[in-house]
Amino acid sequence: MSIMHSVLEEDSTAGRSVSAAVAVVMGDRLDSAPTRLLDLFAPHGSRTPLAPAR
């Protein structure tokens, strides 16, 4: 078991704080994922979604 894991198990308040912070970061990244994917894979200069596959 890591030191961080031990500390968070012993101090439930710290554990909840860390969990909340991680959840916020994950939520932000999930919210930006569709835009990032469009930036990477949409035709150059296009801000519109790709046409659906047939």
Side-chain angles (χ1 to χ4, degrees):
M1 184 181 305
S2 72
I3 294 172
M4 186 66 152
H5 189 259
S6 299
V7 169
L8 294 178
E9 260 190 7
E10 291 174 16
D11 185 355
S12 63
T13 303
R16 280 192 295 275
S17 295
V18 170
S19 295
V22 169
V24 167
V25 171
M26 288 176 63
D28 289 345
R29 289 183 180 195
L30 287 171
D31 284 343
S32 67
T35 302
R36 179 74 176 129
L37 289 171
L38 283 175
D39 288 345
L40 289 172
F41 298 110
H44 183 69
S46 166
R47 293 297 287 174
T48 59
L50 297 174
R54 293 185 185 192

Besides Leu30, the hydrophobic cluster formed by Ile, Leu, Val, Met, Phe, Trp and Tyr side chains linked at under 4.5 Å, directly or via other members, contains none

Same cluster for Ile3 and Val18 if Ile/Leu/Val/Met/Phe/Trp/Tyr side chains link at under 4.5 Å?
-> no

Report all side-chain donor-acceptor pairs from residues 4-13 shorter than 3.5 Å, counting only partners two or more places apart or in another chain.
residue : atom : partner : partner atom : Å
Ser6    : OG   : Ser2    : O            : 3.1
Asp11   : OD1  : Thr13   : N            : 3.3
Asp11   : OD1  : Ala14   : N            : 3.4

Exactly one candidate in Asp39, Leu37, Asp31 meets side chain to side chain contact (heavy atoms under 4.5 Å, CB included) with Thr35; the answer is Asp39

Share the residues that join Val24 in a hydrophobic cluster, the rule being Ile, Leu, Val, Met, Phe, Trp or Tyr side chains under 4.5 Å apart at the heavy-atom level.
-> none

